[in-house]
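Structure record follows, encoded as structure tokens.
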Amino acid sequence: MAQILGGITTSHIPAIGGAIAKEKFQEPYWKSFFEAYGKVHSWLDAVKPDVAVVVYNDHGLNFFLDKMPTFSIGAARQYRNADEGWGLSTVPPFPGFPELSWYVIEELVAAEFDITTCQDMVVDHGFVIPMQLLWTHRLKGACPVKLVPVCVNTVQHPLPNPARCLKLGRAIGEAIASYPEDLKVVVIGTGGLSHQLDGERAGFINKDFDLWCMDKIVTNPEAIAEHSIHDLVRLSGAQGVELINWLIMRGALGEHVEKRHQNYHIPISNTASGLMLLEAA
Ligand code: DHB
Ligand code: FE
């Protein structure tokens, strides 16, 4: 049977891609941010997952405001990246796992989650930056895991509410646990933490709320899930709602998790970065 080993949360800020391309790892602005990934790399290299389920949000590359599914899942052999205009080089395609994707999609639809199925899907910085941070940069482009992208609408309101996202995560966890092949799976939640990129509150960061979320995501994700989307916008900024990706990740891990690593870093660009490594109990 497939087994979920743990979950990782990571920022996906495009500026990180620029810093990776220019190898700014030792620069004062970046040093402690990148160093914090060392423990996560060691864990990944020790447990050697076969698959990563990547819960992220697209920002206008694959879906635009004219057509915006709430939840969509990739079911492709590979996922291409394309130029989004951030000045980042386009990276080679990532390997998919359509058999597992379709299995999860079937289970989710049976569990009354309406999923948009994507047999062709381009992946943006919300997906690519985490892959670079966790694997592809240090492995010289290699991606040792097969990928199941789970894309969540955090862009075009109405957004799915946090409680629904936690439930979706639980359903994903149950689907994976019933997949008949022996596979080691990690679940990644990308984006967050507090940030607002435009408008009167541009640059808004809420350290108290971010640290509260990093605590509750371990011990009591329901406490985060009690918030409405509008609560999250108020407390963590218009783009801070990317936190719902974390809730889906957390739901997939089951009731109890052990926190193995945590780093909170402000700011990167205009945004709070939260790195966490949670092991499924
Ligand atoms: C930034 C943060 C994001 O989540 C994003 O998608 C794009 C940019 C930023 O802080 O620059
Ligand atoms: Fe984002």
Side-chain angles (χ1 to χ4, degrees), residues 8-22 24 27 29-30 32-34 36-37 54-65 68-72 74 79 81-91 121-134 149-157 159-160 162 165 188-207 209-210 213-214 217 224 229 232-249 263-276:
I8 297 165
T9 68
T10 170
S11 178
H12 64 218
I13 301 166
I16 299 165
I20 290 174
K22 297 196 179 91
K24 293 185 177 177
E27 287 194 5
Y29 184 88
W30 292 103
S32 65
F33 169 80
F34 282 114
Y37 283 77
V54 185
V55 185
Y56 75 108
N57 57 293
D58 182 84
H59 304 71
L61 182 69
N62 191 60
F63 301 114
F64 198 60
L65 303 179
M68 185 60 69
T70 301
F71 300 121
S72 50
Y79 300 97
N81 174 225
D83 189 1
E84 298 175 68
W86 293 102
L88 302 173
S89 301
T90 301
V91 301
M121 192 181 207
V122 279
V123 286
D124 79 350
H125 66 273
F127 182 100
V128 170
I129 301 290
M131 294 303 100
Q132 291 182 310
L133 281 167
L134 297 178
V150 176
C151 184
V152 182
N153 172 27
T154 69
V155 173
Q156 170 69 65
H157 288 253
L159 312 185
C165 291
I188 298 161
T190 96
L193 280 165
S194 58
H195 63 303
Q196 170 135 354
L197 299 178
D198 50 20
E200 279 176 20
R201 291 204 307 164
F204 175 77
I205 286 179
N206 185 346
K207 180 177 176 180
F209 183 68
D210 288 340
C213 288
M214 290 178 93
I217 201 87
I224 305 174
I229 283 291
L232 290 190
V233 170
R234 194 167 39 79
L235 287 163
S236 71
Q239 283 74 41
V241 294
E242 291 175 348
L243 182 66
I244 59 180
N245 300 336
W246 290 36
L247 275 179
I248 295 172
M249 175 285 299
N263 185 53
Y264 181 72
H265 185 113
I266 44 175
I268 295 292
S269 177
N270 283 318
T271 299
S273 151
L275 173 68
M276 300 191 78

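Counting begins at 1 with the first residue of the sequence. Remember, predicted model here, so these are calculated numbers, not experimental data. Computed over heavy atoms, backbone and side chain alike; hydrogens, waters and symmetry mates excluded. Remember, it's 1-based here, ligands and their atoms both numbered in the order they're listed.
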Begin from the C-alpha positions of Trp30 and Ile16 and carry the test side chain to side chain contact (heavy atoms under 4.5 Å, CB included) through to its verdict.
CA-CA 9 Å; Trp30 292 103; Ile16 299 165; 3.9 Å; yes
Pro14: numbered ligand 1 atoms lying under 4.0 Å from its heavy atoms
1 (C), 5 (C), 7 (C), 8 (C)
Which atoms from ligand 1 have a heavy atom of Leu197 less than 4.0 Å away?
1 (C), 7 (C), 8 (C), 9 (C), 10 (O)
Expected output: side-chain Thr9 to main-chain Met276 donor-acceptor under 3.5 Å
yes
Atoms in ligand 1 with a heavy atom of Asn270 nearer than 4.0 Å
10 (O)
Quick check on contacts: which atoms of ligand 1 are under 4.0 angstrom from a heavy atom of Ser269?
9 (C), 10 (O), 11 (O)
Once the angle between the rings of His12 and His125 is folded into 0 to 90°, is it parallel (under 30°), tilted (30 to 60°) or perpendicular (over 60°)?
perpendicular
If you have a sec, work out which protein heavy atom is nearest atom 4 (O) of ligand 1 and how many Å separate them, to one decimal?
His195 NE2, 2.8 Å
Please report the interatomic distance CD1(Ile129) to CG(Leu88), rounded to the nearest 0.5 Å.
5.5 Å
How is the N/O/S atom of His12 that comes nearest to the Fe ion (ligand 2) named?
NE2
Part of Ser11 with heavy atoms under 4.0 Å of ligand 1, whether side chain, backbone, both or neither:
neither
Taking the side chain from Asp210 and the backbone from Ser194, do they hold a donor-acceptor pair closer than 3.5 Å?
yes
Which of the listed options, Glu242, Glu84, Gln239, His125, holds the heavy atom that is closest to atom 6 (O) of ligand 1?
His125
Do any nitrogen or oxygen atoms of Trp86 lie less than 3.5 angstrom from nitrogen or oxygen atoms of ligand 1?
no
Please calculate the NE2(His59)-the Fe ion (ligand 2)-OE2(Glu242) angle and round it to 10 degrees.
100°
Any Ala15 heavy atom less than 4.0 Å from ligand 1:
no
Go through the side-chain N and O atoms of Glu242 and His59 and say whether any donor and acceptor fall under 3.5 Å apart.
yes
Residue Phe64 excluded, over 12 heavy atoms near CZ under 6.0 Å
no
Met214 to Gly274 - nearest heavy-atom pair and separation
CE-CA, 3.8 Å
Could you list the atoms of ligand 1 found under 4.0 angstrom from a heavy atom of Thr271?
2 (C), 9 (C), 10 (O)
